[in-house]
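Both backbone and side-chain heavy atoms feed into the values below; hydrogens, waters and symmetry mates do not.
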Amino acid sequence: MKIFGIAGWSGCGKTTLVTRLIPLLTARGVRVGTLKHSHHDIRLGDSEQAALLAAGAVQSLAAGPERFALVTEHHGHPEPPLAELVERFAGTDLLLVEGFKFSNHPKLEVWDPGLGKPLLAAGDASILAVACDQSLDHFSGPVFPRDAVDAICQWVLDFCSIKMDRGVIE
């Protein structure tokens with residue numbers, strides 16, 4: 001299973017991008033799982049998680065400080081690290097991790113300068129590309145418009161070396 005992250009500040013459009021990427025990936029035969037981090041309490045039936053599943057994700061796990069759903073209560077224990085959560089997935093070709101912006105896995109940052117938050121990619125080598133609606137002279141990786149979902153999809157597939165051969169992921 002390949003792991004790739006979509007990171008950024010709250011309200012920048014991460015979930016929107018992920019829900020638009022999933023159908024493009026699944027149309028290419030990629031079995032997609034999602035793992036979403038939240039700083040808020042996780043509610044069963046969360047509309048964002050439901051949207052990810054409706055978009056075609058094979059599995060979806062929402063994670064927060066109190067619990068993660070596949071529902072497992074933490075009962076006062078610390079929030080599990082990303083590596084422990086990843087172990088919960090089986091049968092997926094690509095796990096899209098939404099959030100976990102400070103974890104060290106390859107990711108694309110969705111950035112909206114209108115939020116007044118700094119560009120994470122400026123100081124994080126694990127952010128390999130940025131999706132934003134302005135040019136970034138001080139970032140050396142690929143920069144995509146936030147609505148360039150087809151191009152972002154292909155870049156993620158290329159980066160993760162996911163190639164289809166007669167319907168099988170190599």
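You'll find the side chain of T16 stays beyond 4.5 Å of the side chain of K14, heavy atoms only. Residues Q134 and W111 are in side-chain contact: their nearest non-hydrogen atoms beyond the backbone lie under 4.5 Å apart. The shortest side-chain heavy-atom distance between L21 and I152 falls under the 4.5 Å cut-off. In this structure the side chain of L94 never reaches within 4.5 angstrom of the side chain of I3, judged on heavy atoms. By the 4.5 Å heavy-atom criterion applied to side chains, V143 and C132 are counted as neighbours. A 4.5 Å side-chain heavy-atom check between V156 and I162 finds every atom pair outside the cut-off.
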Practice task
With side-chain contact (heavy atoms from CB on, under 4.5 Å) as the test, would you mind laying out the steps for L96 and L25 before giving the verdict?
Solution key: CA-CA 11 Å; L96 291 177; L25 292 162; 4.0 Å; yes
Problem - Steps toward side-chain contact (heavy atoms from CB on, under 4.5 Å) verdict (D93, V32) - result: CA-CA 6 Å; D93 302 313; V32 179; over 6 Å; no
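Note that NE2 of H138 and CG of L136 are 5.0 Å apart. Values are rounded to the nearest 0.5 Å. The distance from the CZ atom of F159 to the CG atom of L128 is 4.5 Å, given to the nearest 0.5 Å. The line from NE2 of H105 to NZ of K2 is 15.0 Å long, rounded to the nearest 0.5 Å. With rounding to the nearest 0.5 angstrom, the OG atom of S10 is 7.5 Å from the NZ atom of K101. To the nearest 0.5 Å, the span separating CD1 on I6 from NZ on K36 amounts to 12.0 Å.
Scanning all heavy atoms of the two residues, the minimum distance from E79 to P65 falls at OE1-CA, 3.5 Å. In terms of heavy-atom proximity, L120 sits nearest to I127 at CB-CD1, 3.6 Å. Scanning all heavy atoms of the two residues, the minimum distance from G11 to L115 falls at C-CD1, 3.8 Å. Closest heavy-atom contact between A121 and E109: N-OE1, 2.7 Å. Scanning all heavy atoms of the two residues, the minimum distance from L85 to F100 falls at CD1-CZ, 3.6 Å. The heavy-atom pair separating F144 from A129 by the smallest distance is CE1-CB, 4.1 Å.
Among pairs with a residue in residues 117-132, those fulfilling side chain to side chain donor-acceptor pair (under 3.5 Å) read K107-S126, D124-S126, at least two apart in sequence or across chains.
Hydrophobic clustering (side-chain heavy atoms under 4.5 Å, transitive across Ile, Leu, Val, Met, Phe, Trp, Tyr) keeps V149 apart from V130. At a threshold of 4.5 Å between side-chain heavy atoms, the hydrophobic network of Ile, Leu, Val, Met, Phe, Trp and Tyr places V18 and W155 in one connected group.
In summary, the side chains of T34 and E98 do not present any donor paired with an acceptor at a separation below 3.5 Å, with no hydrogens or angles considered.
For R146 and D133, the salt-bridge test passes: some basic side-chain N is under 4.0 Å from an acidic carboxylate O.
Annotation: side-chain hydrogen bond (donor to acceptor under 3.5 Å, both in side chains) contacts of D150 (sequence neighbours excluded): none. Scored by the side chain to side chain contact (heavy atoms under 4.5 Å, CB included) test, P118 finds W9 as partners (sequence neighbours excluded). With sequence neighbours excluded, the residues that form a side-chain hydrogen bond (donor to acceptor under 3.5 Å, both in side chains) with D158 are Q154. Applying the side-chain hydrogen bond (donor to acceptor under 3.5 Å, both in side chains) rule to D147 yields no partners; only residues at least two apart in sequence or on another chain are considered. Here R20 pairs with nothing under the side-chain hydrogen bond (donor to acceptor under 3.5 Å, both in side chains) rule; sequence neighbours left out.
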